[in-house]
2 protein chains.
Amino acid sequence: MARTGYHTRQRELIADFLKTHEGEHVRAADIAAHLAVSGSPVGVATVYRTLDMMTKSGEVKKYIDPDAGACYVFASQPCDSRHYHLKCSGCGKLIHLDCSMMSDLEVHIAREHSFELDPGRTVFYGTCAECGAKRKDNDK
Amino acid sequence: MARTGYHTRQRELIADFLKTHEGEHVRAADIAAHLAVSGSPVGVATVYRTLDMMTKSGEVKKYIDPDAGACYVFASQPCDSRHYHLKCSGCGKLIHLDCSMMSDLEVHIAREHSFELDPGRTVFYGTCAECGAKRKDNDK
DNA sequence: CTAGTTGCAAAGAGTTTGCATGGCG
DNA sequence: CGCCATGCAAACTCTTTGCAACTAG
């Protein structure tokens with residue numbers, strides 16, 4: 001299963017970047033851009049291929065953001081991803097939600113609805129406090 | 001609020017299609033394809049423009065499916081969208097979740113986390129019972 | 001040495017936009 | 001009639017793929 005292949009400079013760089021940004025949602029382009037600036041450019045294709053590989057192996061979670069496209073999140077341990085994310089449709093801000101109520105919800109959904117939630121891939125959309133207030137002002 | 005624009009054959013067709021498929025998640029291409037087959041083809045651009053318009057007016061909800069791209073859901077009443085969706089990563093099945101616990105969650109998140117959830121745009125990812133069982137068999 | 005990797009560029013898929021024509025009101 | 005809507009195709013963005021050169025083990 002482990003079949004991870006060779007250890008290369010590029011993969012090291014990408015993995016490092018992800019570890020440095022653990023828990024954050026990054027896009028392939030972010031990684032490529034960062035590495036390019038750092039003086040060790042890596043081809044976009046390689047970034048995608050590596051991320052795809054890591055996604056399959058479970059090292060990173062992939063999800064699609066309506067505004068930004070594919071996003072990847074590094075999770076050191078599968079079970080560490082006990083938290084969910086809230087994404088503000090207004091400002092695009094990403095909020096980490098670490099709340100015991102979610103565990104209850106998971107249990108409830110698993111039991112009553114026969115569905116096992118995947119925290120790493122689930123993103124809640126809505127409006128943050130600031131944008132909510134802003135909208136009230138603008139809306140007349 | 002602006003009663004946007006004219007009443008045209010194309011918009012009627014698109015609205016009809018959406019009403020016929022209320023609650024289902026359809027893609028722009030699905031609509032265009034259906035109308036083309038029905039003998040009243042509508043340009044893709046028009047479909048996108050109309051859906052965009054309806055999204056802004058709140059008639060339909062838009063969300064991005066990791067596999068299929070942009071999806072739209074027609075909701076007869078804004079407040080009828082009191083339900084969320086569960087999407088199985090295994091078989092792609094979409095499950096409607098209409099559960100009072102979600103209301104509690106909304107209140108909780110609004111109060112404790114200052115974030116207002118948008119049911120129409122939030123999709124929970126995870127694994128349905130069937131795929132969960134299937135996976136257990138295959139995994140070993 | 002050999003197979004897995006990389007990078008470039010071309011290919012794709014999905015969505016948006018410009019512009020001239022057509023149709024609603 | 002005026003203005004909005006439509007269609008087509010070109011433009012775009014993001015992601016994938018083909019292929020020759022490259023490199024880790």
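Numbered from 1 within each chain, the chains take letters A, B, ... in sequence-line order. The basis for the numbers below is simple: all heavy atoms, side chains too, and nothing from hydrogens, waters or symmetry mates.
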From CE of M53(A) over to P of dT17(D), roughly how many Å is that when rounded to an integer?
13 Å
Numerically ordered, the residues 27-42 of chain B set in heavy-atom contact under 4.0 Å with DNA chain C is none
When you get a sec, tell me which of dG7(C), dT16(D), dG7(D) is the closest nucleotide to the side chain of T46(B)?
dG7(D)
The reported gap from OG1 in T55(B) to OH in Y72(B) (rounded to nearest 0.5 angstrom) is 5.5 Å
If two hydrophobic side chains count as joined below 4.5 Å and joins carry through other members, does V60(A) share a cluster with V73(A)?
no
Between the opening five pairs and the closing five pairs of the helix from dC1(C)-dG25(D) to dG25(C)-dC1(D), how far apart are the helix axes, to 10°?
30°
In whole Å, I'd like the distance from the CD1 atom of I14(A) to the C1' atom of dT6(C).
11 Å
Residue-phosphate contact under 4.0 Å: T8(B) side-chain N/O, dT6(D) OP1/OP2:
yes
Using a strict threshold of under 4.0 Å (side-chain N to carboxylate O), is an ion pair present between R27(B) and D30(B)?
yes
Can you label the angle between the H113(B) ring and the H108(B) ring as parallel, tilted or perpendicular, going by 30° and 60°?
perpendicular
Salt bridge flag under 4.0 Å for residues K61(B) and D118(B)
yes
Short side-chain N/O contact to dT23(D) OP1/OP2 from Q10(A), under 4.0 Å:
no
Upstream residue (5' side of DNA chain C) when T50(A) and Y48(B) are each assigned their closest nucleotide
T50(A)
Take atom NE2 of H7(B) and atom C1' of dT6(D), then tell me their distance rounded to the nearest Å.
15 Å
Starting from P on dA13(C), measure out to CG on D65(B) and report it in whole angstrom.
18 Å
Rounded to whole Å, OH of Y63(A) lies from P of dT15(D) at a distance of 12 Å
Is R111(B) atom CZ crowded by more than 12 heavy atoms from other residues, nucleotides or ligands, each under 6.0 Å away?
no
How far does CG of D104(B) sit from CD1 of I109(B), to the nearest 0.5 angstrom?
11.5 Å
Spacing between I64(B) atom CD1 and dT15(C) atom P, to the nearest angstrom
7 Å
Checking contacts here: which listed nucleotide (dC8(D), dT6(C), dT15(C)) is nearest the side-chain heavy atoms of A70(B)?
dT15(C)
Which one, dA9(D), dA24(D), dT16(D), comes nearest to the side chain of Y6(A)?
dA24(D)
Between C1' of dT15(C) and CG of L51(B), the distance in whole Å:
12 Å
Regarding dG4(C), can its base be found pairing with the side chain of R49(A) as donor and acceptor, where the two atoms are less than 3.5 Å apart?
no
Contact between H21(B) and F74(B) at the side-chain level, heavy atoms closer than 4.5 Å - yes or no?
no
When rounded to the nearest 0.5 Å, the distance separating CD of E59(B) from CG of L51(B) is 10.5 Å
In whole angstrom, what separates R9(B)'s CZ from dG22(C)'s P?
15 Å
Can you tell me if R11(B) touches the phosphate of dA5(D), counting only side-chain N or O atoms and a distance under 4.0 Å to OP1 or OP2?
yes
Side chain of A45(B): nearest nucleotide among dA9(D), dC8(C), dT15(C)?
dA9(D)
Please check if the side chain of T122(B) supplies one atom and the backbone of Y125(A) the other of a donor-acceptor pair under 3.5 Å.
yes
